[in-house]
Number of protein chains: 2
Amino acid sequence: MSARTAAPSVKRSIESSKKPLGSVPTLTAVDQVDTSFLETLLGYNARRAALTIIEVFLERMAKFGLRPVDFSVMSVIEHNPGVTSRQLCAALNLLPPNLVGLIQSLEARGLIHRRPHPTDGRAMGLHPTPEGSALMQQAEQAATDLEIECSSRLTAAQRKTLLDLLQKIYL
Amino acid sequence: MSARTAAPSVKRSIESSKKPLGSVPTLTAVDQVDTSFLETLLGYNARRAALTIIEVFLERMAKFGLRPVDFSVMSVIEHNPGVTSRQLCAALNLLPPNLVGLIQSLEARGLIHRRPHPTDGRAMGLHPTPEGSALMQQAEQAATDLEIECSSRLTAAQRKTLLDLLQKIYL
DNA sequence: TATTGTTATACTCTATAACTATA
DNA sequence: TATAGTTATAGAGTATAACAATA
């Protein structure tokens with residue numbers, strides 16, 4: 001790690017590499033940016049990795065009209081027909097107000113429909129339509145494909161390890 | 001309750017041939033939400049893990065007045081005095097317009113100052129003030145501490161493995 | 001002509017408070 | 001009283017286009 005002493009390729013008015021506290025600030029140029037400290041932080045690395053994958057996700061999923069959260073919601077509905085909005089929020093860590101428009105949009109597109117909950121009159125069960133199921137079958141395959149591509153520098157065993165370790169953070 | 005629990009919490013992928021298409025839609029209740037498919041996706045897991053850590057980050061860093069991006073920017077400036085905005089954008093994957101207000105805010109708080117770049121008249125070198133350096137020394141320690149807490153279910157070796165694997169995704 | 005920093009702006013995402021109807 | 005779903009809205013985060021000064 002080359003954290004402490006900045007490595008200026010272009011030194012103009014530098015006398016020494018140590019920083020006397022009262023001295024006039026030196027005008028240094030940075031040739032290569034050192035991010036080694038940030039790279040020791042899980043939060044930073046997890047966020048950067050997530051955003052990298054999501055960027056590819058957005059491109060590939062555009063043809064399905066599914067953003068990441070749409071995809072997650074549809075996937076949970078597909079695998080849990082009859083799930084309620086409240087359950088979706090708990091499972092995906094979403095806030096109820098932000099789910100309302102999303103659900104309405106999916107219903108308007110004919111991908112899901114809402115039916116009365118069998119026991120709770122306040123709740124609505126969310127079910128995939130045949131069109132929604134067909135779409136998700138394609139979308140989940142596409143998601144799996146792009147994930148493999150994004151982790152092409154990992155072996156299958158490393159990929160599995162990564163999944164397990166990440167889940168130990170948030171589950 | 002007497003609900004027909006047609007949706008077991010841990011189930012195989014059944015659906016396709018088992019669902020008579022013309023049948024009356026069943027009103028099913030879901031007891032436990034199955035998110036096993038999403039949990040096979042790196043993007044989903046990385047995002048959930050990142051958000052979990054960032055949530056703690058926001059709490060702990062509030063007393064320093066540093067949000068995640070503020071912290072990242074200050075950390076890079078601290079370890080790379082004289083770095084330019086453009087270099088910051090490249091290193092942290094930020095967009096220049098979004099950095100302007102952030103830099104102005106940090107400067108207004110007396111945490112950094114901007115000085116002419118030694119060779120490029122268009123650019124400004126970003127330098128930490130003594131106050132900024134002092135703040136970051138505390139903030140980086142706090143960040144390291146909370147990271148350790150958030151990964152308390154991981155051994156030191158596992159934590160290192162996780163960092164390495166995440167960097168293979170985005171670096 | 002290309003790049004740095006900047007302004008203005010729009011769009012998305014996320015968060016909070018409060019309401020309704022049912023439990 | 002508590003919960004499910006909803007409405008309205010505010011705030012944060014992220015995106016593109018265009019401009020002036022400098023390379």
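Proteins get letters first, then strands, A, B, ... in listed order; numbering begins at 1 in each.
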Tracing side-chain links under 4.5 Å among I, L, V, M, F, W and Y, which residues wind up in one group with A/Leu58?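 The other cluster members (ILVMFWY side chains, heavy atoms under 4.5 Å, direct or chained) are A/Ile54.
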Checklist entry - Do A/Val100 and A/Leu88 belong to the same hydrophobic cluster, where Ile, Leu, Val, Met, Phe, Trp and Tyr are linked whenever their side-chain heavy atoms lie under 4.5 Å apart, directly or via other members? => result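 Different hydrophobic clusters.
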- What is the 5' to 3' range of DNA chain C, first to last nucleotide, that sits under 4.0 Å from any heavy atom of chain A?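 The protein-touched segment is C/dC13 to C/dA23.
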Checklist entry - Do you know the tightest heavy-atom contact between A/Cys89 and A/Leu95? => result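 Closest heavy-atom pair between A/Cys89 and A/Leu95: SG-C, 3.9 Å.
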Note to self: A/Val69: which residues meet the side-chain contact (heavy atoms from CB on, under 4.5 Å) condition with it, sequence neighbours left out?
What the structure shows: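 By the side-chain contact (heavy atoms from CB on, under 4.5 Å) rule, A/Val69 matches A/Val73, A/Leu94, A/Leu102.
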For DNA chain D, find the residues of residues 60-74 of chain A with a heavy-atom distance under 4.0 Å and give them by number; none if there aren't any.
->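 Output list: empty, so none.
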Worksheet item: For DNA chain C, which residues in residues 47-57 of chain A have a heavy atom at a distance below 4.0 Å?
Response: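 Heavy-atom contacts with DNA chain C come from no residue of residues 47-57 of chain A; none.
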Query - Pairing residues for A/Phe57 by the ring-ring contact (aromatic ring centres under 6.0 Å, His included) criterion, not counting sequence neighbours - result: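 For A/Phe57 the ring-ring contact (aromatic ring centres under 6.0 Å, His included) partners, ignoring immediate neighbours, are A/Phe71.
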Fill in: Sequence-distant partners of B/Phe64, ring-ring contact (aromatic ring centres under 6.0 Å, His included), two or more places apart
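Result, ring-ring contact (aromatic ring centres under 6.0 Å, His included) vs B/Phe64: none returned.
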- Just wondering, do A/Ile169 and B/Ser151 contact through their side chains at under 4.5 Å, heavy atoms? yes
Scan residues 116-126 of chain B for pairs that pass salt bridge (charged side-chain N to carboxylate O under 4.0 Å, His left out), counting only residues two or more places apart or in two chains.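 Counting only pairs at least two positions apart or across chains, the salt bridge (charged side-chain N to carboxylate O under 4.0 Å, His left out) contacts touching residues 116-126 of chain B are B/Asp120-B/Arg122.
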Salt bridge (charged side-chain N to carboxylate O under 4.0 Å, His left out) pairs touching residues 135-155 of chain B, sequence neighbours excluded, are B/Arg60-B/Glu149, B/Glu147-B/Arg159
Quick tally for nucleotides 2-11 of chain D: nucleotides whose base has a protein heavy atom under 4.0 Å get B, sugar-phosphate-only ones S, the rest -, giving BBSSBBB---
Q) Taking only residues at least two apart or on different chains, which pairs with a member in residues 162-171 of chain A satisfy side chain to side chain donor-acceptor pair (under 3.5 Å)? A)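 Qualifying pairs, neighbours excluded: A/Lys160-A/Asp164, A/Gln167-B/Asn45, A/Tyr170-B/Asn45.
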Sorted by chain and residue number, the salt bridge (charged side-chain N to carboxylate O under 4.0 Å, His left out) partners of A/Glu39 (sequence neighbours excluded) come out as none
Counting distance only, does the side-chain N/O of A/Arg109 pair as donor-acceptor with the main-chain N or O of A/Gly65 below 3.5 Å?
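A pair under 3.5 Å: yes.
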